[in-house]
Amino acid sequence: MARKIEVTRIFDAPVEMVWKVWTDPELVKRWWGPKHFTSTVAKIDFQEGGKSLVNMKAPKEMGGQVFFSIWEYVKIIHLNTIEFIQNLADEDGNKTDPVKFGMPSDFPSDIRTIVTFKVIGKNRTEMTVTEYAAFGSISNFAQTGLEQSMEKLSVAVSGLSL
């Protein structure tokens with residue numbers, strides 16, 4: 001059964017800056033993945049029907065494994081909505097069974113992800129990220145991972161200049 005996890009953040013930044021952290025590969029690498037994970041790959045094909053490839057590397061003390069994900073864009077409404085389907089992938093961007101990476105058998109595939117942007121004042125933006133999937137045994141980890149990624153995204157936005 002599909003469940004949703006969701007995180008909302010408010011930024012003291014114009015919507016164009018918050019949008020940019022989803023579309024600029026160098027900025028995506030600053031925030032993709034939970035706390036202590038790093039990202040070295042962000043090949044962004046930001047268009048409806050496009051597919052992006054991103055990675056995250058676990059810290060050494062957590063095994064140092066590298067995970068690749070693909071984002072297949074379903075709908076893009078400029079400065080308003082980004083909708084994509086997220087999956088684990090191999091390093092070439094081919095969708096892969098999560099169990100091959102040591103994930104539990106109920107690890108979700110085809111995570112529908114919707115990012116919405118709302119101007120809430122002069123140079124203030126509200127962004128909400130909602131993920132829909134049958135999260136199973138990783139539900140708590142999925143919520144925590146999303147929250148930690150959004151914390152890193154907040155830092156990336158705060159480092160941009162107006």
Side-chain angles (χ1 to χ4, degrees), residues 1-9 11 17-76 81-116 127-160:
M1 178 165 84
R3 292 187 47 198
K4 78 173 187 177
I5 60 172
E6 187 170 83
V7 174
T8 298
R9 292 281 185 267
F11 301 92
M17 283 176 58
V18 181
W19 181 268
K20 187 175 181 179
V21 298
W22 286 91
T23 62
D24 180 312
E26 291 307 310
L27 295 176
V28 171
K29 288 191 278 187
R30 290 187 195 176
W31 64 265
W32 177 246
K35 184 167 60 171
H36 306 301
F37 281 64
T38 57
S39 177
T40 58
V41 172
K43 297 176 182 175
I44 307 297
D45 181 11
F46 190 71
Q47 61 182 328
E48 287 184 7
K51 183 167 75 170
S52 292
L53 176 68
V54 294
N55 79 346
M56 64 173 123
K57 181 178 181 180
K60 194 180 195 179
E61 57 274 12
M62 293 176 69
Q65 189 171 5
V66 177
F67 300 95
F68 287 87
S69 295
I70 49 174
W71 302 344
E72 295 186 71
Y73 299 99
V74 176
K75 180 167 74 173
I76 297 171
T81 305
I82 303 169
E83 181 176 345
F84 58 94
I85 305 299
Q86 186 181 154
N87 277 290
L88 285 182
D90 63 22
E91 61 196 19
D92 296 318
N94 300 303
K95 180 179 171 181
T96 305
D97 181 355
V99 174
K100 288 184 179 179
F101 296 110
M103 298 299 177
S105 61
D106 62 354
F107 190 94
S109 291
D110 298 328
I111 301 169
R112 182 173 169 233
T113 305
I114 301 174
V115 186
T116 58
M127 181 194 75
T128 299
V129 179
T130 309
E131 294 181 348
Y132 298 91
F135 288 103
S137 60
I138 66 146
S139 292
N140 292 340
F141 295 112
Q143 180 71 42
T144 300
L146 181 58
E147 289 172 2
Q148 290 177 355
S149 289
M150 293 305 98
E151 281 302 312
K152 290 168 63 179
L153 184 142
S154 296
V155 171
V157 170
S158 69
L160 299 176

Between [X] (side chain only) and [Y] (backbone N and O only), is there a donor and an acceptor less than 3.5 Å apart?
X      : Y      : value
Lys152 : Pro34  : yes
Ser52  : Asp45  : yes
Trp31  : Ala156 : no
Gln143 : Glu6   : yes
Ser39  : Asn55  : yes
Asp92  : Asn94  : no
Glu48  : Ile76  : yes
Asn87  : Ile70  : no
Ser158 : Val155 : yes
Thr113 : Ile85  : no

Might you point out which heavy atoms bring [X] and [Y] nearest each other, and give the distance in Å?
X     : Y      : answer
Arg9  : Glu147 : NH2-O, 3.5 Å
Ala42 : Pro25  : O-CB, 3.1 Å
Trp32 : Gln86  : CH2-OE1, 3.3 Å
Thr81 : Trp19  : O-CH2, 3.7 Å

Exercise. Given side chains that start at C-beta, do those of Leu160 and Val21 come closer than 4.5 Å, heavy atoms only?
Worked result: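 Leu160 vs Val21: side chains touch.
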Exercise. Is any side-chain heavy atom of Met127 less than 4.5 Å from a side-chain heavy atom of Leu153?
Worked result: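 Result yes, sub-4.5 Å side-chain heavy-atom pair found.
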Let me confirm one number: the [atom1]-[atom2] distance from [X] to [Y], rounded to the nearest 0.5 Å.
X      : Y      : atom1 : atom2 : answer
Lys75  : Ile114 : NZ    : CD1   : 7.0 Å
Phe11  : Ser154 : CZ    : OG    : 4.0 Å
Leu146 : Phe141 : CG    : CZ    : 15.0 Å
Phe68  : Glu91  : CZ    : CD    : 5.5 Å
His36  : Met62  : NE2   : CE    : 8.5 Å
Phe101 : Leu88  : CZ    : CG    : 6.0 Å

Problem set entry | Lys20 atom NZ, over 12 foreign heavy atoms within 6.0 Å |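 No.
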Exercise. If you draw a 6.0 Å radius around NZ in Lys57, do more than 12 non-hydrogen atoms from other residues or ligands fall strictly inside?
Worked result: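 Counting other residues, nucleotides and ligands, NZ of Lys57 stays at 12 neighbours or fewer.
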Exercise. Hey, does the Lys NZ or Arg CZ of Arg112 hover above the aromatic six-ring of Tyr132, less than 6.0 Å from the centre and inside 45° of the axis?
Worked result: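 Yes, Arg112 sits over the ring of Tyr132.
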Exercise. Do the rings of Trp71 and Trp22 sit parallel, tilted or perpendicular, given the 30° and 60° boundaries?
Worked result: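 Tilted, since the angle between the ring planes falls between 30° and 60°.
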For this session: Please determine which of Leu27, Leu53, Val54 meets the side chain to side chain contact (heavy atoms under 4.5 Å, CB included) test together with Ile44.
Result: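 Per the side chain to side chain contact (heavy atoms under 4.5 Å, CB included) rule, the option paired with Ile44 is Val54, out of Leu27, Leu53, Val54.
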For this session: Determine, for Asp110 against Lys95, whether the closest basic-nitrogen to carboxylate-oxygen distance falls under 4.0 angstrom.
Result: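 Salt bridge flag = yes for Lys95 with Asp110.
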For this session: Give the intermediate values and the outcome of side chain to side chain contact (heavy atoms under 4.5 Å, CB included) for residues Ile82 and Tyr73.
Result: CA-CA 8 Å; Ile82 303 169; Tyr73 299 99; 4.0 Å; yes
